[in-house]
Amino acid sequence: MTATSAHASDERLLRVGVAARLVARPDIGALLGALAVFGLFSIFAHKAGWLGWADAAQWTDQSAQYGIVAVPVALLMIGGEFDLSAGVMVGSSGLLLGLLGTRAHLNIWPSILLVLAFGAAIGFVNGLTVVRTRLPSFIITLGTFFILQGVNAAGTLKITGTVAIENIDTTPGFNSAYRWFSSTVWSPYDFKVKVIWWIGITAVGAWLLARTRFGNWIYAVGGDPVAARNVGVPVARTKIALFMVTSTTAALLGVIEAMELRSTQANEGVGREFIFIISAVVGGCLLTGGFGSVVGASFGAAILGMASIGIILAGWDSNWTYAFLGGILVAAVLMNAGFRARALKARSR
Amino acid sequence: MSGAFESGMDELERLSVDRRGLLLKGGLAAAGATMIGPAAALAGGRTASGKTTKLAVVTHGDTGSFWSVFKAGVDQAKKDLNARGVNVTQVYANNDVAKQVSGINAAVAANVNVIATSVPDASALKGALTQAANKGIAIVTVNSGEDAFDAVPAIQKTFMTHVGQDEEVAGEGAGKQFNAAGAKSVVVIIHESSNSGLTARAAGVKKTFKGKADTLLIPNAKSDIPGTVAKVKAYFAAHSGTDAMLGLDPDVTVPCIAACPSGTKIGTFDLNGNVITNLESGKMLFAIDQQQYLQGYLPVVFSVLYVNNLNTVGGGRPILTGPGIVNKGNAAKVAALAKAGTR
């Protein structure tokens with residue numbers, strides 16, 4: 001950004017046109033990508049009813065599976081950190097909910113609170129370890145990931161003799177909670193309630209990031225932690241809070257899934273941490289932190305959800321799914337980088 | 001994504017096996033593996049009527065519901081043949097190839113007559129099995145390892161037979177079940193990519209099923225079950241003529257019942273409590289049971305016959321334990337047996 005002497009005024013006060021401001025948004029690439037993927041399948045999956053509500057109920061279900069946790073993962077990435085344990089956490093919390101309900105015979109509501117507290121505790125441990133040791137969160141949370149995966153498999157086997165916990169619907173009070181977390185709305189299309197959770201969490205995340213002091217802190221600690229500390233931002237507390245929000249949200253998804261399926265098996269969630277991160281990256285988050293968007297991450301999740309359902313509806317060989325997702329990732333990152341370069345130019349002109 | 005990651009981990013594991021395998025060549029005891037029955041017991045137990053049969057059962061299995069039924073078969077056979085003089089040690093390596101290799105090496109060092117082993121990964125077990133064959137120990141493969149005979153040529157001189165389910169034959173059995181139910185078009189849900197056992201099952205279905213047989217691959221289906229259900233729903237939306245579904249794992253099949261239009265004929269591989277409930281209520285048509293109890297029981301019988309009478313069975317072909325069919329007619333009886341731990 002070379003403000004020459006010709007510009008007497010501060011470059012931050014420079015007037016930027018609407019188009020330039022639009023492409024400067026981190027989520028513009030994901031929005032265009034989502035529209036492109038939707039358009040693609042409205043051609044190729046037209047016969048299977050892509051434009052109807054019944055199909056929308058399917059892809060939004062899949063997208064919510066990604067999007068609910070992609071939102072806090074995006075916040076965490078903007079704050080400069082990763083959480084690779086967010087995927088397996090979905091399985092751990094579902095198993096814990098099952099154990100509390102079917103083995104300890106606890107009512108569903110206190111069970112849910114305990115599971116969310118468990119999520120927050122794991123996030124706290126992740127965050128504290130990262131902040132204290134200053135080791136990359138990639139490594140710390142990879143460790144948490146493997147530990148939880150092992151505990152899920154071995155613990156479930158030890159307690160139930162199989163690798164699944166079944167009959168979660170025998171938990172006292174199950175139906176009262178099922179309504180809020182895992183039921184469907186708008187018959188006969190039967191949209192999942194978790195889609196509403198996804199939209200709500202996106203709205204809260206976007207508000208947090210754009211309108212609150214905590215949101216400013218997230219940008220600050222991700223952009224330059226030293227500078228942030230120098231101006232009085234509580235860097236450690238902000239990062240730990242972000243880890244806790246991520247783990248707790250993953251635990252929430254675990255609760256939603258366990259109640260929806262009425263059973264959980266030990267594999268659930270493993271591998272989805274990458275999908276969360278991909279959603280965030282497609283949505284315009286930088287791996288280096290300090291830049292990104294929550295709404296973009298949700299568009300990213302929508303793209304991935306549409307793609308994995310759309311491929312089946314279009315009748316394509318689903319062996320190609322991962323190649324397709326990889327292509328979307330690369331295309332989105334290139335597009336985001338291009339937009340970002342143009343945006344910086346628009347500001348420094 | 002995690003698939004690539006996991007296969008990377010497998011590679012690491014394999015490398016470390018090679019290193020540890022060298023250390024274990026000396027016949028180190030199966031450190032850390034679940035060892036049932038002391039190795040010292042191999043010595044005694046001879047009866048007047050014949051020689052004592054010394055058998056080592058070494059599998060990659062764990063102590064979960066599937067393998068506990070297998071173990072019940074071994075234990076029962078041991079009890080039934082006690083009068084003939086039989087000593088059996090069992091090692092369940094819990095999918096740790098290194099533990100399985102050390103278990104086989106320990107059996108070789110203990111001079112057993114017969115080793116019954118699963119061969120999930122022929123290249124990793126090749127060294128240990130070759131050593132066993134060179135020492136004249138007869139080998140029975142159980143559960144997995146039908147192709148071990150070809151993959152490890154050295155074992156051919158002492159190879160007895162394979163006791164297990166042929167995945168393709170089991171798939172053929174499923175195809176016949178759908179024929180009998182009058183299904184016109186079936187979709188087979190393949191829940192893992194690059195698992196040859198699953199594709200063999202689907203190929204078997206295609207072979208015998210008279211209608212249209214299609215496959216739906218859902219990579220890593222078991223780590224995103226709600227997403228899997230949504231995908232199966234999408235499949236039915238795009239293929240309105242499909243009237244039957246076959247799942248290859250109960251953890252996938254049972255949740256996907258909700259994704260099928262009513263009246264869909266649903267079958268699955270393998271049994272669990274939920275499968276039996278759904279068979280009894282008529283929501284599911286049949287389950288393919290590979291009867292792993294037999295995979296544990298029969299090798300003990302074969303070993304006693306071989307050691308005492310040099311009998312061999314199978315005539316160079318595998319002894320198939322599946323497909324056993326469980327449906328509404330026998331689900332209640334099988335449920336009782338499952339409770340007793342033998343199905």
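Each chain gets a letter, A, B and so on, in the order the sequences are listed, and its residues count up from 1.
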Exercise for the section: Tell me whether the centres of the aromatic rings in A:Phe41 and A:Trp59 are closer together than 6.0 Å. Expected result: no
Using heavy-atom distances under 4.5 Å, tell me whether [X] contacts chain B through its side chain, its backbone, both, or neither.
{"X": "A:Glu268", "value": "both"}
{"X": "A:Ser308", "value": "both"}
{"X": "A:Gln58", "value": "both"}
{"X": "A:Asp317", "value": "neither"}
{"X": "A:Leu261", "value": "side chain"}
{"X": "A:Lys158", "value": "neither"}

Handout entry: Contact winner vs chain B - A:Gly315, A:Ala57, A:Ala48, heavy-atom pairs under 4.5 Å
Key = A:Ala48
Practice task
Sort out for me which of A:Lys47, A:Lys194, A:Glu257 touches chain B most, counting heavy-atom pairs under 4.5 Å.
Solution key: A:Glu257
Practice task
Can you measure from OG1 (B:Thr321) to CG (B:Leu294) and round to the nearest 0.5 angstrom?
Solution key: 6.0 Å
Practice task
Could you tell me the separation between the CE atom of A:Met259 and the CG atom of A:Asn175, rounded to the nearest 0.5 Å?
Solution key: 9.5 Å
Practice task
Could you tell me whether A:Trp180 atom CH2 has more than 12 heavy atoms of other residues or ligands within 6.0 Å of it?
Solution key: no
Handout entry: Quiz item: cation-pi between A:Arg262 and A:Tyr178, 6.0 Å / 45°
Key = yes
Under 3.5 Å donor-acceptor, [X] side chain and [Y] backbone:
{"X": "A:Trp50", "Y": "A:Phe38", "value": "yes"}
{"X": "A:Thr184", "Y": "A:Asp190", "value": "no"}
{"X": "A:Arg272", "Y": "B:Ser223", "value": "yes"}

Handout entry: Pairing of A:Glu260 and A:Lys192 as salt bridge, 4.0 angstrom limit
Key = yes
Exercise for the section: Sort out for me which residue in B:Leu246, B:Leu216, B:Val252, B:Leu248 forms a side-chain contact (heavy atoms from CB on, under 4.5 Å) with B:Ile190. Expected result: B:Leu248
Exercise for the section: Please step through salt bridge (Lys or Arg N to Asp or Glu O under 4.0 Å) for the pair B:Arg201 and B:Glu168, ending with a clear verdict. Expected result: CA-CA 5 Å; B:Arg201 289 174 180 179; B:Glu168 192 165 336; over 6 Å; no
Handout entry: Winner by heavy-atom pair count (cut-off under 4.5 Å) against chain A, out of B:Asp251, B:Leu217, B:Val229, B:Ile218
Key = B:Leu217
Handout entry: Per-residue contact mode, B:Asp224 against chain A (heavy atom under 4.5 angstrom)
Key = both
Handout entry: Any residue of residues 253-291 of chain B which, by heavy atoms, sits under 4.5 Å from chain A
Key = B:Pro255, B:Asn272, B:Asn274
